[in-house]
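As the structure is a computational prediction, the values presented were derived from the model and not from experiment. Just so we're on the same page: letters track the sequence lines, and every chain starts at 1. Computed over heavy atoms, backbone and side chain alike; hydrogens, waters and symmetry mates excluded.
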2 protein chains.
Amino acid sequence: MKRHQVTIVDIARELQLSKSTVSRALTGHPSVNATTRQLVLELAEKLDYQRNMLAIGLITRKTNTIGIIVPEFTSSYFPTVTIAAQEEAGKAGYNTVICQSNERYETEVANTKVMLANQVDGLLVSITKETRNFDHLKIFQRKGIPIVFFNRVCDEMDAPKVVVDDYDGAYRVVSHLIERGRKRIAHLSGPPSLMISQKRLNGYKAALRKNNIEYDESLVIPYDLNIDMVHIYVNHLLNLPAPPDAIFAISDPTAIETIQVIKKRGLKIPEDIAVTGFSNDFASSLIEPSLTTVSQPVKEIGKTAAQLLIDQINRDVSEWKNIIRVLKTELIVRNSS
Amino acid sequence: MKRHQVTIVDIARELQLSKSTVSRALTGHPSVNATTRQLVLELAEKLDYQRNMLAIGLITRKTNTIGIIVPEFTSSYFPTVTIAAQEEAGKAGYNTVICQSNERYETEVANTKVMLANQVDGLLVSITKETRNFDHLKIFQRKGIPIVFFNRVCDEMDAPKVVVDDYDGAYRVVSHLIERGRKRIAHLSGPPSLMISQKRLNGYKAALRKNNIEYDESLVIPYDLNIDMVHIYVNHLLNLPAPPDAIFAISDPTAIETIQVIKKRGLKIPEDIAVTGFSNDFASSLIEPSLTTVSQPVKEIGKTAAQLLIDQINRDVSEWKNIIRVLKTELIVRNSS
DNA sequence: CTGTTAGCGCTTTCAT
DNA sequence: ATGAAAGCGCTAACAG
């Protein structure tokens with residue numbers, strides 16, 4: 001079946017008006033006769049007329065669309081941030097195009113091409129664990145399209161960034177473990193390429209130092225966030241001559257997997273070993289034992305990122321500033337520690 | 001900062017070529033000199049040239065974009081379906097625009113306008129619990145834009161639909177409860193406007209009938225899927241003079257909430273009362289006790305829906321057929337029953 | 001208040 | 001193998 005599009009011309013012809021008048025009526029321009037406008041609007045409604053945003057975008061060089069690129073949709077974190085950002089953008093009259101990179105650098109690059117080709121007015125990004133080269137993102141700034149990072153930010157680019165205080169969150173959850181008498185605290189860390197990995201690791205180290213616990217490198221395992229590998233690392237830790245009495249996992253999915261491995265070995269949580277996570281995913285309150293974790297203001301992150309982006313779009317600035325918004329975390333103590 | 005767009009004209013001028021030649025080189029048209037093509041491609045790469053899809057869409061009347069509208073992103077179901085559909089569409093060269101209606105009819109209507117304005121080539125929809133009028137969706141077919149429904153389908157429209165066998169899934173999980181000796185099985189049902197509610201309810205009724213258990217209307221509570229209300233219904237059921245010995249919840253989130261309410265009352269699951277869900281959400285294996293549920297081939301649903309849609313787009317048919325793809329469910333018995 | 005003209009960036013005839 | 005011209009649907013000057 002052929003696609004039929006109702007255009008301004010159709011309405012103009014029917015009503016014996018000029019295209020411009022119809023256009024003006026449709027866009028709510030004040031300088032148009034009330035009855036004329038009424039007539040146009042009614043006919044448009046009747047014909048299911050929809051403005052062709054392609055044409056408008058072409059001419060105004062604005063699509064009122066923002067793009068969001070996220071690495072994954074498996075935990076509740078990114079869906080929630082995305083939805084919050086979308087809602088906030090919607091309030092400002094922006095549509096949202098979402099792409100997920102599936103934690104692959106190549107896919108992320110492809111995603112940016114799509115965004116560019118579709119002329120997004122701005123981009124929200126959380127990079128993959130593989131991303132080390134940022135040329136594909138720098139293109140946007142070179143073209144004058146604002147970028148805002150969140151969660152997984154790019155340190156070498158000047159752009160607004162929305163993060164939580166990872167250092168502080170890690171510091172507090174590890175301090176909490178120490179307060180509960182834990183002495184050998186292991187850390188399942190993330191890829192060193194990600195800032196969040198580094199910051200959480202630093203928070204961990206700082207808490208140990210502050211409490212005069214010596215840092216034991218053999219208790220820190222950086223991994224690539226591939227959940228299927230967690231059981232290997234956890235078992236490795238438990239098989240150590242001096243196994244840890246607590247594991248601080250970099251994320252809730254990691255912690256949840258850790259709990260399951262530990263339970264499978266017949267050990268008791270938290271009696272034999274405590275486990276903590278990071279993010280307060282939906283599932284963390286459901287698992288048995290419920291997970292002690294650091295909650296992030298997830299919706300707030302999405303909202304803030306969207307606001308910053310729209311701000312940039314409207315501001316029409318000539319320079320990219322390194323605005324960093326650090327949101328607060330909260331320690332949620334449950335039964336796993 | 002002004003937006004700078006590199007255009008074909010820029011390349012043409014630089015290379016002393018005509019626009020047409022550059023365009024042909026860029027689109028891989030065969031009738032263009034190999035060296036010329038090479039030259040064009042290199043310069044395009046160097047200048048970060050990206051084809052303006054707005055212009056192309058305007059002229060070809062095709063955007064290579066499909067739209068997806070889903071009611072929510074809170075459980076793992078819709079994110080997973082969406083991602084699977086997006087991947088499948090990507091393979092066929094289609095981009096994806098995702099909107100969520102937040103279970104609101106008004107928002108869904110607004111979403112369809114956006115899709116129309118952005119000239120999507122096809123639409124994937126799962127309707128809200130409120131949607132009773134389908135005019136906003138019928139417009140698409142009238143304009144020649146294919147629609148495919150999944151999960152929450154519209155019965156009164158002729159269009160491809162991807163569903164699971166809700167009746168059968170419900171029948172089997174209820175039969176399972178009966179096998180385990182349950183006699184008074186309550187059902188937390190969904191809004192009657194949704195086909196899935198009706199089908200699951202019918203499966204429930206059929207299983208009772210088959211096992212000569214009388215249908216007791218007071219044990220069936222249709223609710224609007226607002227999770228915050230679940231505790232009221234569960235408590236109501238538990239306070240009945242003859243309380244149920246099992247609750248079949250229409251969805252996993254409902255079941256999980258149900259479990260928590262029951263646990264809070266100090267009752268034992270499944271000894272005092274069994275609970276089952278529907279969908280096999282990620283969280284259902286984590287909760288204590290783990291949830292007996294009906295698993296759906298979620299990725300398969302997204303993939304199939306995308307395939308059907310792209311099929312329709314390419315087929316250029318003049319009529320909308322009521323193709324219904326019914327995917328199989330699987331009973332997952334865990335510890336809650 | 002309304003009409004006319006030009007043109008956004010690109011593909012697509014139709015020429016050469 | 002390349003070029004020239006027309007036009008997708010719309011808005012934005014510039015006129016009246």
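Looking at heavy-atom distances under 4.0 Å, Ser20(B) makes contact with a base. Residue contacts for Leu17(B): at a heavy-atom cut-off of 4.0 Å it reaches the sugar-phosphate backbone alone, with no base atom in range. Arg24(B) comes within 4.0 angstrom of a base, heavy atoms only. In this structure, Thr7(A) reaches the sugar-phosphate backbone alone: every heavy-atom distance under 4.0 Å involves primed, P, OP1 or OP2 atoms, never a base.
Between dG9(C) and Tyr49(B), no contact under 4.0 Å exists linking OP1 or OP2 to a side-chain N or O. Close to dC1(C), at under 4.0 Å from its OP1 or OP2, lies no side-chain N or O of Arg37(A). Contact annotation: Thr21(B) side-chain N/O to dT2(D) OP1/OP2 distance is not under 4.0 Å. A sub-4.0 Å separation between OP1 or OP2 of dT12(C) and a side-chain N or O of Ser23(B) is absent.
The backbone N or O of Thr63(B) sits less than 3.5 Å from a side-chain atom of Thr65(B), completing a donor-acceptor pair.
Of the candidates dC10(D), dG9(C), dC1(C), the closest approach to any side-chain atom of Ser31(A) belongs to dC1(C). Among the nucleotides dT2(C), dC10(C), dT11(D), the one closest to any side-chain atom of Val32(A) is dT2(C). Comparing dG7(D), dC10(D), dT2(D) by their closest approach to the side chain of Ala55(A) singles out dC10(D).
With the nearest nucleotide of DNA chain D identified for both Ile59(B) and Pro30(B), Pro30(B) has the one nearer the 5' end. In this structure, Lys19(A) and Thr60(B) both approach DNA chain C, and ranking their closest nucleotides by distance from the 5' end singles out Lys19(A).
The shortest heavy-atom contact between Leu309(A) and Pro146(A) is CD1-O, 3.5 Å.
A donor-acceptor pair shorter than 3.5 Å cannot be found between the side chains of Ser23(A) and Ser20(A). Glu72(A) and Thr74(A) form a side-chain donor-acceptor contact under 3.5 Å, judged by distance and modelled atom types alone. Gln119(B) and Gln5(A) share a donor-acceptor pair across their side chains, judged by distance under 3.5 Å alone.
Rounded to a whole Å, the CD atom of Gln5(B) is 11 Å from the P atom of dC8(C). dC10(C) atom P lies 5 Å from atom CD1 of Ile8(B), rounded to whole Å. Taking atom CG of residue Asn33(B) and atom P of nucleotide dT2(D), one finds them 5 Å apart after rounding to whole Å. Straight-line distance from the CG atom of Asn64(A) to the P atom of dC10(D): 16 Å, rounded to whole Å. For the pair Arg61(A) CZ and dA13(D) P, the computed distance is 13 Å after rounding to whole Å. The interatomic distance linking His29(A) (NE2) with dC14(D) (C1') rounds to 13 Å, in whole Å. Distance Leu54(B) CG to dC8(C) P: 14 Å, rounded to the nearest Å. Regarding Arg13(B), its CZ atom lies at a distance of 15 Å from the P atom of dG3(D), rounded to whole Å.
Look at Lys299(B) and Glu88(B) and you find no salt bridge, because none of the NZ, NE, NH1 or NH2 atoms lies under 4.0 Å from a carboxylate O.
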